[in-house]
Structures are given as C-alpha cells and as structure tokens.
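So the structure is just underneath, and the comments pick up after that.
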Amino acid sequence: MKSPILNQNMEDEFGRTAKKLRISVTDRCNMRCVYCMPYNNTTWFDQDNLLSYEQIFHIVTIFADLGVDNIKITGGEPTVRPKIENLVKLLSGVDGIKSISMTTNGLLLKDKVKQLKESGLQSVNISLDTFSEYRFKSMTGIDGGLKKVLDSIDAAQRADLKVKINSVIIRGWNDDEVTEFARFSRETGVTVKFIEFMPLDGTGVWNSNLVFSKRETMDVISRDVQKLVPLDNDKSDPARLYAFEDKKGIIGFIPSITEPFCNNCDRIRINSEGRLFTCLFEKQGYDLKYVLQNRKSDNDIKKFILECVKKKPEGIVSIIKSNALKPTMNVMHTIGG
Ligand code: SAM
Ligand code: SF4
C-alpha cells in the first residue's frame with residue numbers, strides 16, 4: 001500500500017508548488033559563453049561523483065510521486081554526456097512524466113536529433129545569441145559554430161521536435177540583433193525567447209547596465225517589425241509569450257531582472273553531482289545524492305526532499321528588493337539554466 005507521503009505535493013512556505021524538475025547532467029561544455037562559463041579557473045566537478053543515469057532515473061521516479069510532471073535536461077552542455085539519449089529513454093518511461101525537453105547549445109545536436117526524438121524527447125531549447133559567425137566566435141569561443149547551430153535548428157524542426165530559441169541579449173554586445181531574431185521566428189516558425197542577462201555568470205562580467213530589458217526588446221520589435229500581442233500565458237511559465245498581429249512568429253521573454261516571476265515559480269533543480277537546488281540563487285543546495293545512497297527507503301528520501309522544498313527562498317525578487325544583485329551570485333553551467 002502507498003504511504004500518504006507518496007501523494008504529497010512539494011509546497012514551500014510561500015505557497016508555491018514545485019512541478020518542474022531541471023536536471024543538469026554535466027558541468028562540462030564545448031562552448032565558453034561569455035555570460036556563463038569562464039575560460040580559465042573553472043573548478044570542475046569530479047567526474048566520478050556524477051549521478052549515473054540509473055540514479056537520475058531513481059530520483060525522477062521519486063519526484064514524479066511528489067507531483068513533478070515536467071523534466072528538462074540541461075548542463076553544462078547535455079549533449080557532451082555520452083549516450084544522453086539513453087537517459088531520455090529511461091525518463092520517458094517514468095509514470096507521471098508528461099514532458100521531457102532539453103536545453104542545448106546546438107553544436108552537436110544535428111547528429112543526435114533522430115535518436116533523441118525516438119527516445120522520447122518532445123522539445124528542445126537551442127541557445128543562440130547572434131547571427132554573425134564573427135560575433136559567435138567572440139561570444140562562445142567557437143569558430144564556425146553558428147552554421148552548426150543553424151543546421152541543428154533545422155534538423156530538430158524536421159525531426160518534428162518543438163523548437164524554441166533561447167537568446168541572451170546583452171547591451172552593447174548583441175542588442176543590435178533583436179530585430180533579426182524576431183524575423184527569424186517569423187520565417188522559421190520557431191519561438192524565440194529573449195532572456196535577460198542574470199548575475200549567474202561564472203565570468204564576473206555582469207552589471208545591471210548590461211541588462212537589455214524586456215521593455216526595450218519589445219520596443220525595438222514593435223518599431224522594426226510589428227506590434228506584439230500578448231498570448232494567454234501559463235502563469236507558472238517564466239516566459240511571457242507574444243504573437244505578432246498577423247500571427248506569424250512567437251516571441252517569448254524571460255524578464256528575470258526587470259519583472260521577476262518568483263511568485264509563480266514551480267521549478268526545482270538537481271545538478272550533475274546530485275545536489276538539489278530549490279532556487280537558482282540558492283548557494284549550496286542540498287546533498288540529495290548522499291541521501292539517495294544512505295537512506296533506507298524512498299519514503300525517507302521523499303521526506304528529505306519535502307523538507308528542502310519547504311525552505312525554498314523567495315528568490316531573485318527579494319535580492320532585488322534588498323539591492324543585493326552582484327556578479328556571479330551563482331554559476332549557471334554548474335546548476336543548469
Ligand atoms: N549548454 C546549454 C545551453 O547553452 O543551452 C544548456 C545549459 S545553459 C546554462 C542554459 C541556458 O542558460 C542557456 O540558454 C543560456 O543562454 C542561459 N544562460 C547562461 N548563463 C546565463 C546568464 N548569466 N544569464 C541568463 N541566461 C544565461
Ligand atoms: Fe556552455 Fe550553455 Fe554555458 Fe554556453 S550557456 S557556456 S553553451 S553551458
């Protein structure tokens with residue numbers, strides 16, 4: 001018989017219920033995005049400490065019992081972890097999981113798209129910040145990478161995966177390309193999501209002047225392309241979605257800095273070493289892997305998770321209120337975006 005705890009949702013003290021789990025499968029990456037990962041001085045996780053796919057599967061079955069129905073696989077770069085499609089396949093067999101997606105830089109995706117789709121992947125978020133090869137190299141460190149990412153976007157669409165583009169717009173770096181991104185959405189049918197630059201840079205370059213806001217991005221698009229009309233948004237989705245008046249193209253915004261959405265946050269995260277983070281801005285997280293290896297039953301593990309989620313902090317909204325934003329508050333590639 002199922003014990004009552006198996007049916008309990010993960011609620012925190014602010015009344016939010018966690019339903020979406022982001023799983024970082026590696027802290028490694030084949031790019032070095034200027035807003036994310038430092039070129040040097042990176043302290044890497046010990047590869048022997050990574051959660052195995054079987055451990056991730058076990059964790060997801062537990063979270064599914066606690067109300068999670070949506071999984072996003074992320075990194076570092078998830079496609080550099082060998083046989084990532086095997087993990088997708090395992091997770092797509094978990095009772096209660098309705099959606100499996102992946103966030104990727106797209107560099108290696110083209111050749112993996114078919115296997116990922118066959119394994120049960122439903123959608124991909126592909127990160128792209130520029131349409132210039134020259135700028136691509138300066139922002140990611142990769143020569144000739146733009147063409148590979150564009151080919152991956154095309155391959156993912158052909159494989160019938162739902163495709164969204166994640167674009168971090170930074171003032172003075174790529175804000176002159178907003179219009180081109182909007183046109184790209186209209187031409188290809190992919191949703192383009194503009195993410196405000198967050199102080200989760202391993203590089204220490206963040207400052208508030210670099211944040212190109214949702215408002216500014218919308219103004220550029222309305223001026224140069226067409227007016228945006230808000231769509232019916234799922235409250236828990238951090239992306240605010242808009243269509244164009246002629247219904248061609250969809251634009252999303254993740255205004256983490258200027259309009260933070262902590263009140264409706266339904267996300268929790270585990271990193272590749274099995275630490276649980278209830279908020280992107282939580283420094284240490286909780287050692288879920290240790291509990292997994294040392295507790296007797298799944299119920300004990302569930303109790304631990306429920307206690308951690310209960311303590312979920314209010315989020316970036318309270319950091320902004322107290323005027324405490326500063327560079328490198330956390331490092332995105334170790335937690336997973
Ligand atoms: N490597 C994959 C990728 O780039 O899509 C997945 C991991 S990456 C950390 C996840 C997302 O976080 C990407 O869309 C990336 O652009 C975004 N990201 C990384 N650092 C960020 C920052 N400082 N502010 C806002 N978004 C950031
Ligand atoms: Fe790698 Fe993604 Fe970070 Fe870029 S944003 S360095 S691709 S983990």
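Both counts, for ligands and for their atoms, begin at 1 and track the order of listing.
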### Query
Are more than 12 heavy atoms from other residues, nucleotides or ligands located less than 6.0 Å from atom NZ of Lys326?
no
### Message
Yes or no: does Glu196 have any heavy atom under 4.0 Å from an atom of ligand 1?
### Response
yes
### Message
One thing to verify: whether Asp298 and Lys302 come together as a salt bridge, which I'm taking to mean a side-chain N less than 4.0 angstrom from a carboxylate O.
### Response
no
### Message
Please list the nearest protein heavy atom to atom 27 (C) of ligand 1 with its residue and the distance rounded to 0.1 Å.
### Response
Met332 CE, 3.6 Å
## Note on the structure
Per-atom filter on ligand 1: closer than 4.0 angstrom to a heavy atom of Asn166 are 14 (O)
### Query
So does Asp176 pair up with Arg135, basic N to acidic O under 4.0 Å?
yes
### Query
Ignoring water, what protein N, O or S atoms are under 2.8 Å from atom 3 (Fe) of ligand 2?
Cys36 SG
### Query
Which residue and non-hydrogen atom of the protein lie closest to atom 21 (C) of ligand 1, and at what distance in Å?
Tyr35 CD1, 3.6 Å
### Query
Where is the nearest protein heavy atom to atom 8 (S) of ligand 1: which residue, which atom, and how far?
Gly337 N, 4.4 Å
### N/O separation below 3.5 Å, Met198 to ligand 1
yes
### Message
Donor-acceptor pair, distance only, cut-off 3.5 Å: does the side chain of Asp266 make one with the backbone of Lys19?
### Response
no
### Task
Report the part of Thr104 (side chain from C-beta onward, or backbone N, CA, C, O) that has a heavy atom under 4.0 Å from ligand 1; answer both or neither where that applies.
backbone
### Query
Considering only heavy atoms of Thr74, which atoms of ligand 1 have at least one such atom less than 4.0 Å away?
6 (C), 7 (C)
### Message
Show the nearest heavy-atom pair for residues Pro78 and Gly76, with the distance to one decimal.
### Response
CD-O, 3.4 Å
### Contact atoms of ligand 1, heavy-atom distance to Glu77 under 4.0 Å
1 (N), 2 (C)
### Message
Can you report which non-hydrogen protein atom sits closest to atom 26 (N) of ligand 1, along with the distance?
### Response
Val168 CG2, 3.6 Å
### Message
So, regarding Ser127 and ligand 1 (criterion: nitrogen or oxygen to nitrogen or oxygen, under 3.5 Å), is there a contact or not?
### Response
yes
#### Entry: Tyr290 atom OH: more than 12 heavy-atom contacts under 6.0 Å
no
### Query
Is the shortest distance from a Lys or Arg side-chain nitrogen in Asp224 or Arg183 to a carboxylate oxygen in the other one below 4.0 Å?
no
### Query
Is a side-chain N or O of Thr61 found less than 3.5 angstrom from the main chain of His58, in a donor-acceptor match?
yes
### Query
If you count the atoms of ligand 1 from 1 in the order shown, which ones are under 4.0 Å from a heavy atom of Gly76?
1 (N), 2 (C), 6 (C), 7 (C)
### Task
Output yes when Arg16 and Asp12 qualify as a salt bridge under the 4.0 Å nitrogen-oxygen rule, no when they do not.
yes
Which atom pairs, donor and acceptor, lie under 3.5 Å between side-chain atoms of residues 117-124 and protein residues at least two apart or in another chain?
| unit_1 | atom_1 | unit_2 | atom_2 | d |
| --- | --- | --- | --- | --- |
| Lys117 | NZ | Asp160 | O | 3.3 |
| Glu118 | OE2 | Lys114 | NZ | 3.3 |
| Ser119 | OG | Glu85 | O | 3.4 |
| Ser119 | OG | Gln115 | O | 2.6 |
| Gln122 | OE1 | Ile100 | N | 2.6 |
| Gln122 | NE2 | Lys98 | O | 3.2 |

### Query
Any donor and acceptor pair, going by atom type alone, linking the side chain of Asp65 with main-chain N or O of Ile62 inside 3.5 Å?
no
### Task
May I ask you to decide if Thr26's main-chain N or O and Arg81's side chain share a donor-acceptor pair within less than 3.5 Å?
no
## Note on the structure
ligand 1 atoms nearer than 4.0 angstrom to some heavy atom of Thr103 are 2 (C), 5 (O), 6 (C), 10 (C)
